[in-house]
Amino acid sequence: MMLGTWSFSARGCERAWPQLVVGGESLDAVCAAAREAEVDPTVNSVGFGGLPDANGQVSLDACVMVAPNRCGAVCAVTRHLCVTDLARLVMETTPHVMLAGEGADVFADSLGMAASVLLSADAKSAWLKWRSGDVSGGTTDHGIDRGAAIGVASAASAIGERMVAHDTIGVLAIDTRGVMAGACSTSGLPYKRSGRVGDSPIPGHGLYVDPEVGGAVATGNGELIMGVSGSFLAVECIRRGATPAQAVHEVLERIERHFHPGPEQQIGVIALARDGTWSAGALRTGFAVSVADGAGIRAVAPEFVLHGAPHDEGRST
Ligand code: GLY
């Protein structure tokens with residue numbers, strides 16, 4: 001099975017699923033799913049098309065994880081697009097876990113990875129509007145019906161998906177051998193201060209996988225997720241006997257308790273136990289989860305919303 005944050009990750013699931021069901025590796029599946037979002041210019045929070053920092057510079061972060069002793073990450077990459085693949089190469093070909101900034105780009109050069117321009121025309125125009133003070137250009141409301149591109153538009157709109165910012169792609173997969181892997185990729189907070197790095201590339205924050213227990217991904221304001229080590233916390237709750245739903249609830253409640261997040265701040269968390277049971281929740285309405293399993297590929301509402309109206313509760317599958 002595969003699970004991903006937001007409806008746009010369904011497109012990545014569609015790309016990866018045919019290989020996964022015939023015995024492909026979960027690590028290949030999550031990398032393929034993240035890559036799909038990285039090259040998609042309509043996803044303005046990941047890869048090409050991602051909104052830049054305050055200086056107009058796009059910088060990308062990514063992480064892959066299979067186990068505590070098998071993870072890799074890159075952050076603040078400014079010249080290469082497929083940062084999830086680069087994170088995997090850090091894991092597979094170096095003794096390190098994370099490479100940052102120019103060092104990560106130089107590592108990509110040394111592997112023969114082609115350099116890319118990361119700032120799309122649309123992202124540049126949104127940044128110019130933001131810089132001129134015209135926030136109607138979409139600083140906090142990405143406003144793109146990404147579902148339309150992947151054939152799940154009606155499902156995404158029926159479940160009330162509303163992406164507000166920092167819509168990281170986080171993907172978890174279990175392959176036919178029972179091996180779990182996760183990947184996480186983002187361009188980070190739109191118009192962030194130059195040098196800012198969030199939760200996504202840091203094992204335990206945007207992504208955590210422990211094959212003895214399960215995995216978790218988080219999306220939303222990285223500062224809040226980092227404050228509670230969100231993904232690690234979810235997996236540790238499951239290790240201590242919580243269900244995935246209880247684990248996600250604990251993460252969101254802890255964020256609520258420490259940060260008192262405002263209405264513009266959203267967090268979505270997905271937890272997947274090693275037996276395949278899973279849950280997702282969000283601070284407020286608007287989050288969606290892409291699911292790929294024997295029943296097909298679809299976007300669904302999270303199981304619960306901390307600040308949701310009663311009709312927002314309950315997964316549609
Ligand atoms: N969750 C992505 C970020 O805040 O950078």
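All values below come from the heavy atoms of this structure, side chains included, with hydrogens, waters and symmetry mates left out.
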Is it the case that over 12 heavy atoms from other parts of the model lie below 6.0 angstrom from the CZ atom of Arg196? yes
For Gln19, does the CD atom have more than 12 heavy-atom neighbours from other residues, nucleotides or ligands under 6.0 Å away?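 Atom CD in Gln19 is not crowded, with 12 or fewer foreign heavy atoms closer than 6.0 Å.
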Arg88 pairs by side chain to side chain contact (heavy atoms under 4.5 Å, CB included) with which of Val66, Val30, Val64, Val83?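 With Arg88 as partner, side chain to side chain contact (heavy atoms under 4.5 Å, CB included) holds for just one option, Val64.
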Going by the side chain to side chain contact (heavy atoms under 4.5 Å, CB included) test, name the single residue among Leu272, Val209, Val213 that passes it with Val235.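 Single side chain to side chain contact (heavy atoms under 4.5 Å, CB included) partner of Val235 among Leu272, Val209, Val213: Val213.
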Test your reading of the model: is there a side-chain donor-acceptor pair from Thr78 to the backbone of Glu102, 3.5 Å cut-off? no
Met113 side chain near Leu86 side chain, heavy-atom distance below 4.5 Å: yes
Hydrogens and angles aside, do Ser120 and Asp122 bring a side-chain donor and acceptor to less than 3.5 Å of each other? no
Can you confirm whether the side chains of Glu38 and Thr84 place a donor and an acceptor under 3.5 Å from each other?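 Result is yes, a qualifying pair exists.
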Report the residues that fulfil ring-ring contact (aromatic ring centres under 6.0 Å, His included) with Phe107, sequence neighbours left out, ordered by chain and then residue number. none
Taking the six-membered ring of Trp127 as reference, does the NZ or CZ atom of Arg131 fall below 6.0 Å from its centre and within a 45° cone about the axis? yes
Can you say whether the rings of Tyr208 and Phe232 are parallel (under 30°), tilted (30 to 60°) or perpendicular (over 60°)?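 Judged by the thresholds at 30° and 60°, the geometry between Tyr208 and Phe232 is perpendicular.
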Output yes when Arg254 and Glu250 qualify as a salt bridge under the 4.0 Å nitrogen-oxygen rule, no when they do not. yes
